[in-house]
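As structure tokens, the structure follows; a few thoughts come after it.
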2 protein chains.
Amino acid sequence: MNIGEIAKRAGVSRSTVSYALSGKRPVSTATAQRINNVIAELGYRPNASARALAEGRTRTLSLVIPPASRRLTDVQLGFVASVVEAAAKHDLDVLLSPSGGDHDRSFERVVTGRRVDGVILMEILVDDPRVARLEQEALPFVTIGHVERPGASSWVDVDYAELINRCVHHLADLGHRNVVLINRSDELVAAGYGPAMRSTTGFLAAAEQRGLTAHTACCADEPAAGLACFEDIRSRWPDVTAAVTINEAALPGLQRALRHAGLDVPGDFSITGVIANRLAEDFHPPLTAADVPAEEMARLAVDLLVERIADPDAPHRNALLQPGITLRSSTGARHR
Amino acid sequence: MNIGEIAKRAGVSRSTVSYALSGKRPVSTATAQRINNVIAELGYRPNASARALAEGRTRTLSLVIPPASRRLTDVQLGFVASVVEAAAKHDLDVLLSPSGGDHDRSFERVVTGRRVDGVILMEILVDDPRVARLEQEALPFVTIGHVERPGASSWVDVDYAELINRCVHHLADLGHRNVVLINRSDELVAAGYGPAMRSTTGFLAAAEQRGLTAHTACCADEPAAGLACFEDIRSRWPDVTAAVTINEAALPGLQRALRHAGLDVPGDFSITGVIANRLAEDFHPPLTAADVPAEEMARLAVDLLVERIADPDAPHRNALLQPGITLRSSTGARHR
DNA sequence: TTGTATGCGTTATCAG
DNA sequence: CTGATAACGCATACAA
């Protein structure tokens with residue numbers, strides 16, 4: 001079932017069918033009618049590969065995700081779902097490419113094989129080799145998160161430095177004098193993962209500004225690590241009365257550790273940070289936090305990418321989002 | 001940068017390059033060497049669209065997911081990550097197609113446009129129209145979850161009826177006489193969502209077998225609904241002492257409701273069901289539950305699909321998994 | 001308003 | 001062992 005078959009049955013040439021479909025050339029209403037009837041009857045759809053080959057574009061995007069082995073966090077999964085939805089609005093399909101582990105085969109396949117028109121990169125490092133790879137290949141791309149080099153790419157990100165900074169100020173206003181940052185894992189920090197680096201920057205800057213005693217701790221992306229991390233914090237720095245975090249995956253463990261320690265939140269201990277909306281609300285008590293606007297970021301990323309595909313030489317654009325901090329119930333005045 | 005360019009630089013014909021790449025025809029080591037050098041130097045990769053057109057296959061699978069608007073549950077997300085990983089092992093890419101809402105455009109694009117070699121369908125209804133669509137299109141597919149009609153497709157599923165049945169027996173053994181099933185949403189039940197239907201079947205059968213008083217409640221996939229649902233249960237059936245559930249998304253709300261009611265688990269109230277491993281362990285206390293083996297199911301699904309693509313006329317195969325119930329701390333003897 | 005002819009980059013058939 | 005060359009199905013420049 002191809003375009004020739006349709007043409008034959010409608011008694012026209014193949015090009016006429018093609019033009020009737022694309023609308024790039026006027027077609028008399030009579031023949032258009034005939035063609036459409038045949039198409040409807042046979043349920044014809046142009047072959048995507050043939051169209052891609054002829055047209056030079058695939059109408060497909062690639063979303064590069066962290067390797068599946070590493071559990072995706074809620075925020076990351078939010079991106080995946082939202083990117084797919086945003087792409088669908090442009091009638092674009094989304095190819096999922098795990099990358100970051102040893103096997104970047106999928107990534108290479110997609111990039112070198114001209115399998116997609118553009119790429120959305122998430123969970124990037126401050127100096128990510130894949131960015132260089134995409135530039136070299138001249139494939140349009142947008143990053144969720146940004147590399148340090150200004151103007152290096154189009155991107156959308158959350159202003160972690162600023163948001164964490166605000167969180168610290170919020171705690172200082174409540175009278176806290178001794179705070180800790182619960183960051184992502186050692187490995188990510190060592191690899192130069194943007195949010196981890198920038199959170200630290202914002203945290204330390206605000207603490208210094210307000211004259212607070214500040215500690216930082218790394219914590220793997222899982223509940224058990226959260227529990228261990230908090231117990232470690234309590235034993236090393238017993239005077240800490242508040243924590244700021246960007247580590248969602250550790251939250252359940254943190255919850256458990258607080259319960260074990262018999263600490264009331266926010267009575268005895270305050271918690272805040274940058275956390276996906278849903279997780280913040282599921283915490284007990286609900287977390288005062290800056291909510292990562294995953295849907296908005298995904299929409300912006302797709303829009304930027306579509307723009308970039310249309311005009312690859314246009315200057316890069318970007319968006320640094322600063323969602324407000326939603327006051328819930330996990331922060332309160334220090335009373336120790 | 002195409003195969004002709006490589007051929008020219010290596011001083012051979014295009015077909016020789018093609019065969020050197022595919023190995024489908026012997027090539028002298030000398031020319032093979034020359035070709036490989038040129039390829040390595042220029043970083044050449046065959047154009048995926050052209051190859052798909054010529055070869056008649058895309059080396060791509062489609063994973064059909066519920067519409068992004070509806071939040072994906074943890075189990076569903078586990079499938080997505082695991083399917084991508086399993087597909088990568090076969091050097092297959094995966095295209096994500098949201099479907100189920102009004103806009104099945106993505107699904108139709110993929111199916112009719114011969115965009116993929118096969119489809120994995122998840123979250124299917126007991127009589128799912130998409131199954132018929134795929135059969136009509138003669139596109140190989142595998143479902144996660146199964147339609148009622150036997151032999152209708154290759155599939156992999158968890159034996160909800162049996163597992164929920166065992167959960168009830170477990171509760172009965174502990175002395176519980178009055179139990180409730182917290183199911184998925186009204187809409188899903190009404191639409192004929194398999195796990196929801198089969199859980200009910202297994203639940204009622206076991207309850208009857210053991211002479212228990214049994215109630216069932218539907219609950220939307222979100223924490224708030226879980227809270228409301230549990231409060232409703234307590235007011236309507238105050239004698240209930242144990243719940244069985246397959247609704248993961250409602251768990252945080254359930255947790256909160258128990259706390260509000262001042263109920264100790266498992267002292268005052270027991271909970272069990274079929275729940276993703278991670279969620280069961282994050283509950284407080286950890287849930288006695290049958291863990292949905294998402295990775296295994298995904299791997300099986302991909303393997304079945306690859307088989308099916310290779311031999312579309314082979315009889316359907318399927319796998320009905322019965323993971324064991326892991327005893328944790330959320331079930332205990334009735335003592336009221 | 002429509003038809004003809006060519007190209008997109010590979011694979012695979014048929015000759016050598 | 002290797003080279004031409006015809007598909008694959010569509011889009012589009014060129015003619016009419």
Side-chain angles (χ1 to χ4, degrees), chain A residues 1-36 38-39 42-60 91 109-117 137-139, chain B residues 1-36 38-39 42-60 91 93 109-117 137 139:
Chain A
M1 164 71 48
N2 54 32
I3 201 170
E5 185 72 12
I6 304 295
K8 196 186 302 173
R9 302 214 191 194
V12 296
S13 75
R14 295 183 315 184
S15 59
T16 303
V17 176
S18 178
Y19 285 118
L21 238 36
S22 69
K24 293 186 182 177
R25 189 168 89 172
V27 173
S28 81
T29 41
T31 57
Q33 190 57 256
R34 263 207 325 282
I35 292 174
N36 286 330
V38 177
I39 286 179
L42 301 190
Y44 165 77
R45 281 278 194 133
N47 177 299
S49 303
R51 177 195 286 240
L53 181 58
E55 211 175 7
R57 59 168 182 159
T58 61
R59 298 164 188 268
T60 306
D91 277 340
R109 251 203 320 271
V110 163
V111 171
T112 327
R114 296 276 136 184
R115 231 163 162 347
V116 298
D117 298 334
E137 211 60 47
L139 198 57
Chain B
M1 167 68 48
N2 56 30
I3 202 170
E5 184 73 12
I6 305 293
K8 196 186 301 174
R9 302 213 191 196
V12 296
S13 75
R14 293 181 314 183
S15 52
T16 303
V17 176
S18 179
Y19 283 117
L21 238 37
S22 70
K24 293 187 181 174
R25 189 167 91 172
V27 173
S28 81
T29 41
T31 57
Q33 188 57 256
R34 262 207 327 283
I35 292 174
N36 285 331
V38 177
I39 286 179
L42 300 190
Y44 165 77
R45 283 277 194 131
N47 177 301
S49 303
R51 177 195 285 239
L53 180 57
E55 212 174 7
R57 62 171 179 154
T58 61
R59 300 165 187 267
T60 306
D91 277 341
D93 288 318
R109 255 204 315 273
V110 163
V111 170
T112 326
R114 296 277 138 184
R115 233 162 158 354
V116 298
D117 299 333
E137 211 60 46
L139 197 57

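Keep in mind the model is a prediction, meaning the values are calculated, not measured.
Axis orientation changes by 40° from one end of the helix from C/dT1-D/dA16 to C/dG16-D/dC1 to the other, with each end axis drawn from 5 pairs and the value rounded to 10°.
When the salt bridge (charged side-chain N to carboxylate O under 4.0 Å, His left out) test is applied to B/Arg45, no partner is found at least two apart in sequence or on another chain. Among residues two or more places apart in sequence or in another chain, the side-chain hydrogen bond (donor to acceptor under 3.5 Å, both in side chains) test is passed with B/Ser49 by none. In this view, B/Arg109 and A/Asp91, A/Asp93 satisfy the side-chain hydrogen bond (donor to acceptor under 3.5 Å, both in side chains) rule, not counting sequence neighbours. The side-chain hydrogen bond (donor to acceptor under 3.5 Å, both in side chains) check on B/Ser18 picks up nothing, with sequence neighbours excluded.
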Letter per nucleotide, 5' to 3', of nucleotides 10-16 of chain C [B base touched, S only sugar-phosphate touched, - untouched; heavy atoms, 4.0 Å] | BSBBB--

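What you find for A/Tyr44 and A/Ile6 is that their closest heavy atoms are CB-CD1, 3.5 Å. Here the shortest heavy-atom pairing between A/Leu42 and A/Glu5 reads CD1-CG, 4.5 Å. Across all non-hydrogen atoms, the minimal contact from B/Arg34 to B/Gly11 is NH2-O, 4.3 Å.
Following rounding to the nearest Å, B/Ile35 (CD1) and D/dC1 (C1') show an atom-to-atom distance of 12 Å. For the pair A/Ile39 CD1 and D/dC10 P, the interatomic distance rounds to 10 Å; values are reported in whole Å. For the pair B/Leu53 CG and D/dA6 P, the computed distance is 17 Å after rounding to whole Å.
Contact annotation for A/Thr31: backbone-only contact, meaning every heavy-atom pair under 4.0 Å involves sugar-phosphate atoms and none involves a base. Using a 4.0 Å heavy-atom distance criterion, A/Gly113 is classed as making no nucleic acid contact.
Using a distance-only test at 3.5 Å, with no hydrogens or angles considered, no donor-acceptor pair links the side chain of A/Asn36 to the main chain of A/Ile39.
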